[in-house]
Amino acid sequence: MNKIFALVDCNNFFASCERVFNPKLEGKPVIVLSNNDGCIIARSNEAKALGLKMGAPYFEHQETIKKNNIHVFSTNFTLYGDISQRVMMILSNFTPELEIYSIDEAFLDLTEMPGINLSDYSQKIKKTIRQWTGMPVSIGVAPTKTLAKIANHLAKKNPDYSGVLDFINLPEKDKALEKVKVENIWGIGRKHSKFLIKNNINNALQLKNTDDQWVKKHMGVVSQRIVLELRGEVCYPLDLNPADKKEICTSRSYGHPLENYEEIEQATTTYVTRTAEKLRKQHSFAQTLIVFLMTNRFSKDPQYANYKIIQLPVATNDTIELIHYTVKALKSIFRKGYKYKKSGVIVTNLIPDNQRQFVLWDEKDREKSKELMNTIDKINKKLGRDKIGYAIQGTLRPWKMRQEKLSPCYTTKWEDILTINL
DNA sequence: TCTGGGGTCCTAGGACCC
DNA sequence: TCTGGGGTCCTAGGACCC
């Protein structure tokens, strides 16, 4: 039986989130910046039309921004995460067959919903989300995920579709595919589109009709699967239970360059604290810890970057233990006399609780540590992040990232809830 | 002054084993 | 001059995603 996938994708998600509680931004150009207010990472349609590119450095476009009165925001992940959850919750009312693919998009399997009109049903989903959350979405319906992505792309671009394209019942499918440039196909990135164009394969229709063995030979099996999916053959089924993460990374650029070891230590141990929390959240234990730091690659100052890999004697997700090894690693790679820009930690070789191996001479009381971490997590969940922190993290945080244009946390902070004056 | 952060999967090649 | 063959596991790096 043929499958029916729908891809629901929020339009310009971060920019739209900023609009939800600030309706006077409707119709105006809006951009959202990356951490540290570094790059432009989300743009409303109006901002796109002004030529602002994804990932462009913010400081290079000050003039355009001022001239066109573009509204600028720092990333407010608390707000975006909360709105995302609300959207996903609504989607789960429409079908239990739901795969949350990223913060702003989800695949739905509508195969087992006989009798529905796919277009009408999608319009209903779209309308409900808009009405209940204020978030505009586009929906593409197709027999494979790759085609659903394409249908979604077309629905977004062409106003005639009013945000929904049912590719399954589309009369002229090939004509639609012909309009999709090869670089806009899900899974075809910069390198591969360059290669395809060089070989005179410029759009989705041409790629669909390319010999898939040839594609496999020159571009690998991932690209071969894309060709098959374009022909309607499912290679990527719906994934209802995404697996635990195999690797967890926390790293950030500092608000300004750091030279002092103590400050770098404070920042990096704060990162590993976050990492340990993420580990405990998915009930994993790390066997390997990697700590890295680097100078600013864009600056003319002397450059230095290094990392240290530590095999942990006993798999752990205990913050105190991970801080201990992070400091050890950091001390071994820190060199005086450089202006550091960024550091981070990665934990990998993650295993679940029941696969842990213990050592005879282990001095740590692991039961006690587990209870301690549980308690700290509970308190911080209730009272706010780092309410209970570790002395080594420091309190002044001179390395903290810049977020000069942060919007209020409308939905998650009592002080930030809107007041309506009647 | 100012250039993000966090992931996955695949592949080729080396190490090692019998 | 000759110097096996087949297999697995691991790792680094590439490509891609949002």
Side-chain angles (χ1 to χ4, degrees), chain A residues 7 9-15 31-43 52-63 65 72-77 80-81 84 99-107 145-146 149 152-153 182-196 215-226 235-236 239 242-257 271 274-275 278-279 282 287-288 290 292 294-301 307 309 311 339 341-350 401-405:
Chain A
L7 174 67
D9 190 320
C10 301
N11 302 344
N12 315 322
F13 182 60
F14 294 176
I31 58 171
V32 177
L33 306 176
S34 62
N35 284 340
N36 255 332
D37 296 344
C39 298
I40 299 167
I41 54 162
R43 306 149 295 153
L52 292 176
K53 296 269 178 291
M54 172 76 177
Y58 172 48
F59 74 94
E60 281 179 5
H61 298 276
Q62 299 284 2
E63 212 173 298
I65 289 165
V72 182
F73 293 93
S74 304
T75 29
N76 185 343
F77 269 110
Y80 310 155
S84 168
E99 176 189 339
I100 298 172
Y101 179 69
S102 74
I103 192 162
D104 73 327
E105 57 191 303
F107 287 103
K145 284 182 171 177
T146 304
K149 272 270 186 187
N152 191 295
H153 173 77
V182 94
E183 65 261 37
N184 290 326
I185 300 170
W186 187 43
I188 303 290
R190 266 219 322 272
K191 281 269 161 72
H192 284 158
S193 41
K194 211 169 155 189
F195 174 78
L196 287 171
V215 171
K216 183 181 177 182
K217 191 173 156 213
H218 293 95
M219 301 161 67
V221 296
V222 179
S223 301
Q224 182 192 30
R225 285 183 201 138
I226 293 171
C235 300
Y236 299 107
D239 187 2
D244 284 342
K245 297 208 188 324
K246 293 170 179 159
E247 164 175 313
I248 293 172
C249 169
T250 309
S251 84
R252 258 173 256 315
S253 304
Y254 314 133
H256 63 90
Y271 302 159
R274 291 287 93 76
T275 304
K278 294 182 204 169
L279 269 175
Q282 69 164 35
Q287 301 183 102
T288 307
I290 303 162
F292 62 91
M294 57 183 73
T295 49
N296 183 356
R297 66 199 160 102
F298 294 103
S299 119
K300 292 202 176 81
D301 294 327
Y307 64 90
I309 304 175
Q311 301 302 338
K339 290 179 179 160
K341 179 64 185 162
K342 179 176 173 178
S343 62
V345 298
I346 304 169
V347 286
T348 179
N349 289 321
L350 309 186
M401 68 176 170
R402 278 193 310 280
Q403 284 186 303
E404 287 166 6
K405 316 261 186 191

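Below, read A as the first sequence line, B as the second, and so on, with proteins coming before strands; counting in each chain starts at 1.
- The distance from atom NZ of Lys149(A) to atom C1' of dC18(C) is 8 Å, rounded to the nearest whole Å.
- In this structure, of dT3(B), dC10(B), dT8(B), it is dC10(B) that holds the atom nearest to the side chain of Val222(A).
- Pairing partner, dG5(C): dC18(B), with both Watson-Crick or wobble hydrogen-bond distances short of 3.5 Å.
- Note on Lys245(A): every side-chain N or O is 4.0 Å or more away from OP1 and OP2 of dG7(B).
- Glu105(A) comes within 4.0 angstrom of sugar-phosphate atoms only, judged by non-hydrogen atoms across all strands, and of no base.
- As judged by a 4.0 angstrom heavy-atom cut-off over every strand, Asp104(A) is placed among residues touching the sugar-phosphate backbone only.
- The six-membered or imidazole ring of Phe14(A) lies near that of Phe77(A), with a centre-to-centre distance under 6.0 Å.
- Contacts of His256(A) with the nucleic acid, taken as non-hydrogen atoms under 4.0 Å apart, are absent.
- Thr288(A) and Thr348(A) share no side-chain donor-acceptor pair at under 3.5 Å.
- Candidate nucleotides dG5(B), dC18(C), dG7(B) were compared by shortest atom distance to the side chain of Lys342(A), and dG5(B) ranks first.
- Between Lys341(A) and dT3(B) there is a side-chain polar atom (N or O) within less than 4.0 angstrom of OP1 or OP2.
- The separation between Arg43(A) atom CZ and dG4(B) atom P is 16 Å, rounded to whole Å.
- Summarising the geometry, atom CE belonging to Met219(A) is positioned 4.5 Å from atom NE2 belonging to His192(A); distances are rounded to the nearest 0.5 Å.
- Atoms CE (Met54(A)) and P (dT3(B)) sit 17 Å apart, rounded to a whole Å.
- Across all strands shown, Phe13(A) has no heavy atoms under 4.0 Å from either base or sugar-phosphate atoms.
- Leu33(A) comes within 4.0 angstrom of nothing in the nucleic acid, heavy atoms only.
- Spacing between dC17(C) and dT3(B) at atom P, rounded to whole Å, works out to 26 Å.
- With rounding to whole Å, Asn35(A) atom CG is found 13 Å from dT3(B) atom C1'.
- Between Ser253(A) and dG5(B), a side-chain N or O to OP1/OP2 separation shorter than 4.0 Å is present.
- Remark: Arg252(A) is in phosphate contact with dG6(B), judged by side-chain N or O atoms under 4.0 Å from OP1 or OP2.
- Cation-pi geometry between Lys145(A) and Phe107(A) is satisfied (NZ or CZ under 6.0 Å from the ring centre, within 45° of the ring normal).
- No engagement by Ile103(A) is indicated, since no non-hydrogen atom pair under 4.0 Å with the nucleic acid exists.
- Remark on DNA chain B: of its neighbouring residues Gly38(A) and Gly220(A), the 5'-side contact belongs to Gly38(A), judged by nearest-heavy-atom nucleotide.
- Atom pair Phe77(A):CZ and dG5(B):P shows a separation of 10 Å (rounding to whole Å applied).
- Distance Arg402(A) CZ to dT3(B) C1': 10 Å, rounded to the nearest Å.
- Closest contact between the side chain of His192(A) and the listed nucleotides dC16(C), dC18(C), dG6(B) involves dC16(C).
- A salt bridge between Arg402(A) and Asp37(A) is absent, with no side-chain N of the basic residue lying under 4.0 Å from a carboxylate O of the acidic one.
- Counting any heavy atom pair closer than 4.0 Å across all strands shown, Thr250(A) reaches sugar-phosphate atoms only and no base atom.
- Between Lys149(A) and Glu105(A) there is a salt bridge, since at least one side-chain N of the basic residue sits less than 4.0 Å from a carboxylate O of the acidic one.
- Across all strands shown, Ile309(A) has no heavy atoms under 4.0 Å from either base or sugar-phosphate atoms.
- Nearest-nucleotide assignment on DNA chain B puts the 5′-proximal partner with Phe59(A), out of Phe59(A) and Arg225(A).
- Between the CZ atom of Phe298(A) and the C1' atom of dG4(B) there is a distance of 10 Å, given to the nearest Å.
- Side-chain N/O atoms of Ser34(A) include none lying less than 4.0 angstrom from OP1 or OP2 on dT3(B).
- Taking the side chain of Cys249(A) as heavy atoms from C-beta on, and the options dT11(B), dG6(B), dG4(B), the nearest nucleotide is dG6(B).
- Among dT8(B), dG6(B), dT3(B), the nucleotide with an atom closest to any side-chain atom of Lys246(A) is dT8(B).
- In the model, Ser34(A) has no side-chain atom that pairs as donor or acceptor with a side-chain atom of Tyr58(A) under 3.5 Å.
- Regarding Glu63(A), its CD atom lies at a distance of 16 Å from the C1' atom of dC2(B), rounded to whole Å.
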